Engineer: 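First the structure, then my questions, so here it is.
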Amino acid sequence: MRLEMTDDEIAVQEVFAGFFADQCPPDAVREAADLGHSPDLWKRLAEMGAPGMAVAVEHGGGGATLSDLAVVAAEAGRRLAPVPLIEHAVAVRGLIATDPGHDAVADLVAGDRIATLALRAAIEGEARLVPGGAVADVVLGLADGALVVGGDAAPGAAQANTGDLALANRTLGDGQTLAAAGETEWRRMVSEWQALTAVGLTGLAQEALSLGTTYAMEREQFGVPVGSFQAVQHGFANVATSLEGAVFLAHKAVWALDSGNADADRLAAMAFLFAGETAQACAAASLQYHGGYGYAEEYDIQLYYRQAKARTLVLGPPSAEYRRLADVVLAPDSTEGAAA
Amino acid sequence: MRLEMTDDEIAVQEVFAGFFADQCPPDAVREAADLGHSPDLWKRLAEMGAPGMAVAVEHGGGGATLSDLAVVAAEAGRRLAPVPLIEHAVAVRGLIATDPGHDAVADLVAGDRIATLALRAAIEGEARLVPGGAVADVVLGLADGALVVGGDAAPGAAQANTGDLALANRTLGDGQTLAAAGETEWRRMVSEWQALTAVGLTGLAQEALSLGTTYAMEREQFGVPVGSFQAVQHGFANVATSLEGAVFLAHKAVWALDSGNADADRLAAMAFLFAGETAQACAAASLQYHGGYGYAEEYDIQLYYRQAKARTLVLGPPSAEYRRLADVVLAPDSTEGAAA
Amino acid sequence: MDFSYPADVEAFRTEVQEFLTEHVTDAVLEEVDTGTVHSDDLHKAMAAKGWLSGAVPTELGGGGMSPLKMSVLIEELQLFRAPIDAMGVAIGMASIILELGNDFLKGEVVPRLLSGDALGAFGYSEPESGSDVAAAQTKAVRDGDEWVINGQKMWTTMAHVADYVILLTRTNPDVPKHKGLTFFIVPLDSPGIEIQPVWTMGYERSNATFYDEVRLDDKWRLGDVDGGWNVMKTALKFERGIAGGQFYSPPLIDATIDWATDAPAPDGGAMIDDPGLRESLVRAMIDVEVCRCFAQKTAYLADTGAPFGVEGSMTKLFASETFKKHSHWFMDAMGPDGLVKRVEGDGPHVAFVEETFRHAPVTTIYGGTSEINRNMVAEAHLGLPRARR
Amino acid sequence: MDFSYPADVEAFRTEVQEFLTEHVTDAVLEEVDTGTVHSDDLHKAMAAKGWLSGAVPTELGGGGMSPLKMSVLIEELQLFRAPIDAMGVAIGMASIILELGNDFLKGEVVPRLLSGDALGAFGYSEPESGSDVAAAQTKAVRDGDEWVINGQKMWTTMAHVADYVILLTRTNPDVPKHKGLTFFIVPLDSPGIEIQPVWTMGYERSNATFYDEVRLDDKWRLGDVDGGWNVMKTALKFERGIAGGQFYSPPLIDATIDWATDAPAPDGGAMIDDPGLRESLVRAMIDVEVCRCFAQKTAYLADTGAPFGVEGSMTKLFASETFKKHSHWFMDAMGPDGLVKRVEGDGPHVAFVEETFRHAPVTTIYGGTSEINRNMVAEAHLGLPRARR
């Protein structure tokens, strides 16, 4: 047991915290809003080796664990980085797991091409509102029970959306089949996406909360800082407490995936759902305690409010995921149960 | 339009506020806990004419409106009166509406015998956990689509329950049929019960809130009254605001029933659901701000906490009622719609 | 109690509905979607109906439309998604001038406001004073018969299309903050005024307005020198009677139902059959009924001449907080579909849930934050002591 | 991060589970249901296992069971619905005495507590001082080698079965309130002590204890005269390490699932298939996972010697507030069935949801209210200034 970052992880965190602070200030996020993607930021991330860092060395990757990648995901989330880093990483890992000789692997690991994952099964060959779909060269997804890799061209334009994400519909119907019965492989990728996105959402939430408490201590009304009112303090305390728990649970899910824990899928879904709600709650509290200014485009907290919602909803309606998870944990033959 | 009580209603309120304050102090509620009913209090209420007050004069009643009766229901709720006043009143009205010559009518109107209403359709002839069922001589209910009046004897003992209500199972299977297709008549009674109970719950909630704010101003910690902390004030303010709305909505539902408004059933269900949630929220806030003492049996707020829940749940799981109401307001041929 | 409306008010409601059906066209809604929450055609048509002057109290020379009728008008406007800001400012500003203004202002400004020829804007908030409005720092210094104004206002919504701003200024910095304030009606074409847009998450446009050596004849002063707080209290009194915000949710609920009727559910059927969504829709409809009760009670109190300030605070708190909650519920129900924004050519009915999600949070801020309203309910309704603030 | 437990801790968990499976019988659960949340058989069996003495830090002469093992023990006890109060008091009181007590107390009291032969009770709260514990007014006045104690304590849970109470008294009324406090270990059979039951909504029994001219030799004093606040800080340090409360919800969730598996749904099928209930159950399970993470992190911090006070506050706040929320959810799901109380002869597994509903609210009060914990999180975790309190 070690519930702190290793020295290596701390080193990675410092590098990427500095990287995103430099390369991805809020104005860069605003500039990338239309496409939901910054080619320049992606290029620099590729130079850092991030797109392939959690790919095995034998496939040209960095050989890092998901836990290592999660450290990067947290920093990317903190700065709302407009790049499909998590989608790309899990798609490439999934492609290699099913077709290690696929001719796109080398380019993808290097970050010269971009991969993504359709988070919901395609309907009549079409995967709707795929994150990173506006820019990905390679799209993995589930179509009629098969894991396929689709090859249509990236549209280069996002469907305009609440969170300025690179969402686009992509065709999977004419794709190449990686596994005829590929739901297990696809589910593994979705779980990795959920766990890493959960960590990313906690990074987002931490920054949202920090923006809120900082503003509340600077802003005075009635002669005292807004942050000195007990009602404001308690509002912050509630979401900060949930956030502390969300951070632990997200990292636990990533650890479970890394270590092959039987609970990994369940924990990943739980971590994602909880982190999504918590990130929204943190952003909402900080927005409220910004008063009118939070609502102004030039303030950053509104970016976090919108993106917390969008990064949660890209998976689907939360209630659908709660019910899917219920089917897992409440199955008659489940060994789960609350006290398990 | 008149959104205040009439002078007559104010007079009724004053009489019954005094009556319940005298005759139904918290200790009387505690003493009646096992049966969930105080025969003595019922007898005195009968002497006041309350059981038959909303029955037409031609049937020996007081000829009052439901709005008048609601004034009494609010005061009964405020003091947690352990009598099935609302159940009795709506059952008698329903009996007279379908069988005015029924031989129990005179006794019931006088309050010499007690009637009640099974709030959920009987299953295999058995109505479960009927409010007032432990003491009612006459039980109206729905069995296989028919409105029946059941004649089995009152058990004289309640199933012990969270809210110390006179709950008991009653047999309707061998009852007398009042209407072979009686769902409309039964639904009318349930709506009257919902609207009047909504008013009763707001009375309960007002007293619960008052207990809480009074205690919070008397109780000092850290040298100041607990009620001077902003977090406590905001907790109270939220539930007080809902309560103000619940009071209006409950009275609107009663008015709609009295005036034959087409929306009456819908408003009654809405008023009941909202008043139930609000009463629970008021009692919960006041309990919390009592600190440990609220939890002690000798303090009254715990009575309100338990009864707010019980008086809401006797109808059934709230989610079932929300969904039934959805079937009404979301029906394709409904003229409702939010903007209606 | 009797919740029925008098026959003349019901007839007025029908008249309003017919008017709005005709005038709140898709073109008007698209005009509003430019960010300036105003349609001049609609505003002038309402003025022509006599609804602006009608709303001014009889004793001030207005039409004395009853608070009940006003509440019905405001309710229907909201249900039709019509912009109401310009109406509220015009009526409010005209009423204040008629109650406290000089003959010049009454003659020059009021007729133009009530005919719809001129628009007003509120100039209370400043960068450093939002909820604490009495902390205003914009300076007005007397210079003979003139005043010289320097400072900055924030959230001067509609200033870029308006003709007048009702400006709160500090005329005496050496007394307690409530006692050194003075109001002016300022023509927005006065030299020295600069208006900068403030765009918001909800794509509404507000403004920051800058006042640099703006010179104003004393006739533009409203109320006594250093008597601004009394003017503010009068302004708040009028504003409460014309405040919207009670019926934010109905159009959102309707838009969600429209979507759900056609949207396929994951397991077949339509989303409108989803039990969770159905429960949410009913809960939201109940909240709307509560708002309807609050709005009716507030209007009733106003109609009978009773104070309705606390009822107004509760209405605002409940309506805006439930609206924000609903905006989350229905975004969530739509999932990824809810995220897709309207793009040019879509028309005003596409993506309304998404737009609402971005708009909703500000409703718990402007016109009195939820925190301020909770303070008010705790003190004025529950009798709790003033908490530190 | 690595969330796996060391092999010896996993082995210990298995040992605990086997022990509890054997010892937490229905008879024990029924004994607890008398209202005194204690089973002497279970307590003594745990003492015999060495788990009481084991929990005392090595440097104080105890077994030095690691915080990780302690957390596993406390987790499993809660999952088995076993009473833990007596264990917590015994370990806490023994540890404080070993750290700060004199030789007499170490020799007389500690062995009896750790063997399970004697039970302790906490005597901090008073009628007028709950969260504000330092405001204690129970007086101790020196009289030669003796002290004379007069006053009243509230919430002295288990005092009616206990042998000792750790009593917070005021020995100097003329200094700031934190500086005039002194602790004593008081034998509960001392002349002048009266114990009155305080029954609660949850049917647990607590006590009010009255001290009337209770005379005590100075050897029963714990720590310095007027040094009580330091003793309190030590006590809180030990209590945090043995605090339960993280796993209230799992037995409730399991009881709900048991009920729902058999309960018919209104439209046919079983309630366990109801989508709304399924979503609630999953949400509650997620909250439990979060509590599990909090508990593990707190134990980990303790294990590494790091401070864990803020983590403890967050754990308590989150676990108790979600538990109370869950208690409402599942009562509501059961509807009228949820209201029916267990009656004599039903056994300890019937109506657990109902009992939980009555018990849950106190968990957001005792051991630090949610309000106090929010203050703590705001100040110590978020660095916000001390609000007025």
Side-chain angles (χ1 to χ4, degrees), chain A residues 1-6 9 67 70 209-210 213 216-217 224-225 227-238 240-242 244-249 251-252 254-256 259 261 266-267 269-271 273-274 277 318-319 321-330 332 336-340, chain D residues 1-6 9 68 79-80 247 249-254 257 261 272 275 277-294 296-297 300-301 303-304 310-311 313-315 317-318 321 371 373-379 381-389:
Chain A
M1 188 185 300
R2 183 189 171 91
L3 302 187
E4 300 160 275
M5 286 197 282
T6 62
E9 285 167 344
S67 295
L209 187 57
S210 171
T213 54
M217 287 314 299
V224 295
S228 67
F229 292 116
Q230 195 186 33
V232 173
Q233 295 197 353
H234 282 202
F236 277 133
N238 283 333
T241 298
S242 292
E244 188 82 352
V247 169
F248 297 152
L249 185 55
H251 284 287
K252 184 173 180 180
V254 173
W255 160 80
S259 58
N261 191 299
R266 177 178 72 90
L267 286 169
M270 288 183 164
L273 287 164
F274 192 75
E277 293 211 347
S319 70
E321 182 65 3
Y322 280 113
R323 293 182 204 169
R324 184 194 70 77
L325 186 53
D327 292 343
V328 175
V329 297
L330 298 175
E336 308 281 345
Chain D
M1 298 196 193
D2 175 7
F3 285 76
S4 66
Y5 283 86
V9 179
L68 280 185
L79 298 180
F80 275 80
F247 297 96
S249 286
L252 171 64
I253 294 169
D254 286 342
I257 293 173
T261 304
I272 193 66
L277 177 58
R278 292 172 80 80
E279 186 170 330
S280 298
L281 286 166
V282 166
R283 283 179 183 270
M285 287 179 175
I286 293 174
D287 291 334
V288 169
E289 275 304 328
V290 172
C291 290
R292 202 179 298 274
C293 287
F294 269 125
Q296 187 175 357
K297 179 65 182 266
Y300 172 81
L301 290 173
D303 212 51
T304 57
V310 175
E311 226 72 39
S313 282
M314 290 196 277
T315 305
L317 175 61
F318 187 87
E321 289 290 337
E371 286 71 27
N373 282 314
R374 291 187 189 107
N375 286 344
M376 171 83 83
V377 173
E379 290 169 30
H381 183 60
L382 296 174
L384 296 171
R386 188 170 175 85
R388 168 181 150 178
R389 69 188 57 159

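Note that this is a predicted model, so its numbers are computed, not measured. Note that these values count all heavy atoms, side chains included, but never hydrogens, waters or copies made by symmetry.
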Engineer: Heavy-atom pairs under 4.5 Å with chain A - which of D:Tyr5, D:Phe80, D:Phe3 has more of them than the others?
Structural biologist: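 Top count of heavy-atom pairs under 4.5 Å with chain A: D:Phe3.
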Engineer: Chain A heavy atoms under 4.5 Å from D:Glu371: which part of the residue, side chain, backbone, both or neither?
Structural biologist: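 Both backbone and side chain.
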Engineer: Are any of the side-chain heavy atoms of A:Leu273 and D:Arg283 separated by less than 4.5 Å?
Structural biologist: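 In short, these two side chains do not touch, never coming nearer than 4.5 Å.
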Engineer: Could you tell me which portion of A:Glu277 (side chain, backbone, both or neither) has an atom closer than 4.5 angstrom to a non-hydrogen atom of chain D?
Structural biologist: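 Side chain of A:Glu277 only, per the 4.5 Å heavy-atom cut-off to chain D.
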Engineer: Report yes if some heavy atom in the side chain of D:Leu382 is under 4.5 Å from a heavy atom in the side chain of A:Leu209; otherwise report no.
Structural biologist: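 Yes, side chains in contact.
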Engineer: Which residue, A:Leu249, A:Leu267, A:Leu3, A:Val247, forms the side-chain contact (heavy atoms from CB on, under 4.5 Å) with D:Cys293?
Structural biologist: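 Among A:Leu249, A:Leu267, A:Leu3, A:Val247, the one meeting side-chain contact (heavy atoms from CB on, under 4.5 Å) with D:Cys293 is A:Leu249.
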Engineer: Is it true that D:Lys297 and A:Glu244 have a side-chain N and a carboxylate O under 4.0 angstrom from each other?
Structural biologist: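 A salt bridge is absent here (no side-chain N lies under 4.0 Å from a carboxylate O).
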Engineer: Answer with side chain, backbone, both or neither: which region of D:Leu317 has an atom nearer than 4.5 Å to a non-hydrogen atom of chain A?
Structural biologist: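 When you check distances to chain A, only side chain atoms of D:Leu317 fall under 4.5 Å.
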Engineer: Do the non-hydrogen side-chain atoms of A:Leu330 and D:Met285 ever get within less than 4.5 Å of each other?
Structural biologist: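 Answer yes - side chains close enough.
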Engineer: When rounded to the nearest 0.5 angstrom, what is the spacing between OG in A:Ser67 and CG in D:Asp2?
Structural biologist: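 Those atoms lie 9.0 Å apart.
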Engineer: Which atoms of D:Asp287 are under 4.5 Å from chain A, going by heavy atoms: the side chain, the backbone, both sets, or neither?
Structural biologist: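 Interface part for D:Asp287: side chain.
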Engineer: Given heavy-atom pairs under 4.5 angstrom as the criterion, report whether the side chain, backbone, both or neither of D:Leu252 touches chain A.
Structural biologist: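 When you check distances to chain A, no heavy atom of D:Leu252 falls under 4.5 Å.
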Engineer: Output the distance between atom CG (D:Asn373) and atom OG1 (A:Thr241), rounded to the nearest 0.5 Å.
Structural biologist: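 Taking CG in D:Asn373 and OG1 in A:Thr241, the distance rounds to 8.5 Å.
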Engineer: Would you indicate whether the side-chain heavy atoms of D:Pro275 and A:Tyr322 approach each other to under 4.5 Å?
Structural biologist: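 No; the side chains remain at least 4.5 Å from each other.
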Engineer: Heavy-atom distances under 4.5 Å only: say whether A:Ser319 touches chain D with side chain, backbone, both or neither.
Structural biologist: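 Both parts, heavy atoms under 4.5 Å.
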Engineer: Look at the rings of D:Phe294 and A:Phe248 and say which category their plane angle falls in: under 30° parallel, 30 to 60° tilted, over 60° perpendicular.
Structural biologist: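 It falls in the perpendicular class, over 60°.
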Engineer: With a 4.5 angstrom heavy-atom cut-off, is it the side chain or the backbone of A:Asn261 that approaches chain D, or both, or neither?
Structural biologist: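 Interface part for A:Asn261: neither.
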Engineer: Do A:Phe236 and D:Arg374 have side-chain heavy atoms sitting under 4.5 Å apart?
Structural biologist: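 Answer no - side chains too far apart.
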